[in-house]
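To start, the structure itself, in structure tokens.
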Amino acid sequence: MTNNPALSTNFIQSIITDDLKNNGNASSVHTRFPPEPNGYLHIGHAKSICLNFGLARDNQGLCNLRFDDTNPSKEDVEYVDSIQEDVHWLGFDWDDRKFYASNYFDKLFDCAVTLIKKGKAYVCDLSADEMRQYRGTLTEPGKDSPYRNRSIEENLDLFARMKAGEFADGSRVLRAKIDMSSSNLNLRDPAIYRILHAHHHRTGDKWCIYPMYDFAHPLSDAFEGITHSICTLEFEDHRPLYDWLIETLATECRPRQIEFARLNLTHTVMSKRKLRQLVEENLVSGWDDPRMPTISGLRRRGYTPESIRDFCERIGVAKSNSLVDVGMLEHCVREDLNSKAARAMAVLRPLKVVIDNYPEGQIEQLAAENNPENPEMGTRTIPFAKVIYIDQEDFREEPPKKFFRLAPGREVRLKYAYIIQCVEVIKDEATGEIVELHCTYDPDSKSGGATAGRKVKGTLHWVADAGAVAAEVRLYDYLLNDENAADEDDFKAGLNPHSLECLTNCIVEPSLANAELGSRYQFLRQGYFCVDTVDSKPGKLVFNRIVSLRDTWAKLQKA
Ligand code: ATP
Ligand code: MG
């Protein structure tokens, strides 16, 4: 039925397989992804998207996109648009099944009226504080509200007047009448409608009462014919209420709620509320700042949808919360780009090298492979000239042990080119800073030459001044210093002040002069980089570092 290897270990798929076999609640599979449009989607949402759309795909079913917009004050069309863009970019499609919980406000109102008529809901005038007192605790049962036994007629009248706007915000709520002594606090007559005179981004000022999430969600699922309503673990205790509503209202469709563990990542803030704080307080450049764990941030950084889907597959679906190493996400994008990204040479912190015995004015075009992992990507040429640049890090005047790069008197190979030897170091007289190296080259050491096979310990990347292109390169580090600090209330105290390093004097090889926005490269020895889609312009190339080449996560797996 499926060629998806993760399915065998996915407990939700097992439940679905059983349901399909026993024709339990379903002869087909219909899931939904229900974001609240109060922020941009993040990598945690990607897990839910891959799961919901993936289960539908793997079981020949359908998955809806539903905006869970029952909370009018925090919502915005900007978020609605970004969410659709992100789901599409990840590679999933809802066809014509884009819904809004707010589309169901009339039907939800009718359901509430039905509950009242069945004697299963009542209007309660307790204040929020009083409601809390009456509610009891985990160890003590609650007490019945003095309004619990209002007549059906009175409840219908009051609820209609709530809708008509006669009462102030917070003065009354509609509550389900379930059981004030239940061991599950969610069943102690939960509020299902509240008064809120607020403008809604879709329904305008039509409503001044809004359904609570726990009421709207199961019923929206039922209206849409959802068979498996997959949500995160914190809703496990809400499931009895979910089931109570579905049973009491005897909806035609009987969706089944299944909970899974949400994704947490090391060094990563994952709550929309906190991400919004970072944006609003200008601690990042926006929701799409390449350091953000948002889908739009990851996209701008250079992550591929394939790598994110692969990551979501590898982390699997579990029943208990855990913290995933962000190194695993980085590993996935490295793996994906290794065979896809063209290689290029870039020097991030340039050090000028003059090759004394190379003819003045001569330029050679040397052949370079575009991707050794993928020969089909072909070759390009790179100019070589008397003046080249190497990275400052690749030269040490006093090299420590095991430093196999350039040093006075030492030889290294320049990738695709010659062996050079350092013969002189030129310093700024005032500062002592090294400003230029002089080298000689071995003219027979390039590919095909008599000494081409000569072994030297190090090979360096370089860029010749002929045709070199100026660029800005942005290096990113984690937003949070601590692996684990995302849950702390003052998470901002743990923000990494060095999460962005902007290098403005970089030079890249001529073939990148017309690099397309969003295109990705492996800069030899340095990592994977992506042309920034926002700040890169003709005449000003800006690259984001997606990841370095060092894969600590893969190493850990082998150890
Ligand atoms: P946040 O806590 O970040 O604000 P949320 O749960 O309030 O997230 P919603 O817009 O309500 O955000 O989420 C839409 C769907 O995505 C829900 O089904 C939710 O369970 C799921 N989801 C949200 N965060 C994660 C996560 N970290 N891992 C897996 N699924 C998630
Ligand atoms: Mg939510």
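Keep in mind that what you see is a predicted model, and the values were worked out from it rather than measured. Numbering of ligands and ligand atoms starts at 1, following listing order.
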Query raised in the report: Evaluating non-hydrogen atoms only, which member of E36, R66, R262 is closest to atom 6 (O) of ligand 1?
Result: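 Selected option, by shortest heavy-atom distance: R262.
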Report task. May I ask which of R276, H45, E234 has a heavy atom nearer to atom 22 (N) of ligand 1 than the others do? Result ->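 Among R276, H45, E234, the closest heavy atom to atom 22 (N) of ligand 1 belongs to H45.
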For [X], the ligand 1 atoms whose distance to one of its heavy atoms is below 4.0 Å:
{"X": "P35", "value": "10 (O), 14 (C)"}
{"X": "S271", "value": "3 (O)"}
{"X": "M270", "value": "3 (O), 27 (N)"}
{"X": "P34", "value": "14 (C), 18 (O)"}

Query raised in the report: F109 ring centre to K163 NZ or CZ under 6.0 Å, with the angle to the axis within 45°?
Result: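 Output yes; distance and angle both within limits.
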Should [X] be counted as touching ligand 1, given the test is an N or O pair under 3.5 Å?
{"X": "G44", "result": "yes"}
{"X": "K47", "result": "no"}
{"X": "N38", "result": "no"}
{"X": "F260", "result": "no"}

Just by modelled atom types, is the [Y] backbone N or O under 3.5 Å from a matching donor or acceptor in the [X] side chain?
{"X": "H45", "Y": "H42", "result": "yes"}
{"X": "N155", "Y": "V123", "result": "yes"}
{"X": "D221", "Y": "P255", "result": "no"}
{"X": "R254", "Y": "A222", "result": "no"}

Report task. Return the set of residues passing ring pair (Phe, Tyr, Trp, His ring centres under 6.0 Å) with H238 (not counting sequence neighbours), or none when no residue passes. Result ->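 Listed in chain order: F235.
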Query raised in the report: With sequence neighbours left out, what residues match F215 under ring pair (Phe, Tyr, Trp, His ring centres under 6.0 Å)?
Result: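 Y193.
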Query raised in the report: What residue among E330, R301, Q522, R520 forms side-chain hydrogen bond (donor to acceptor under 3.5 Å, both in side chains) with Y528?
Result: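 So the option named by the test is Q522.
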Report task. Determine whether the side chain, the backbone, both or neither of F33 has a heavy atom under 4.0 Å from any heavy atom of ligand 1. Result ->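 The answer is the side chain of F33.
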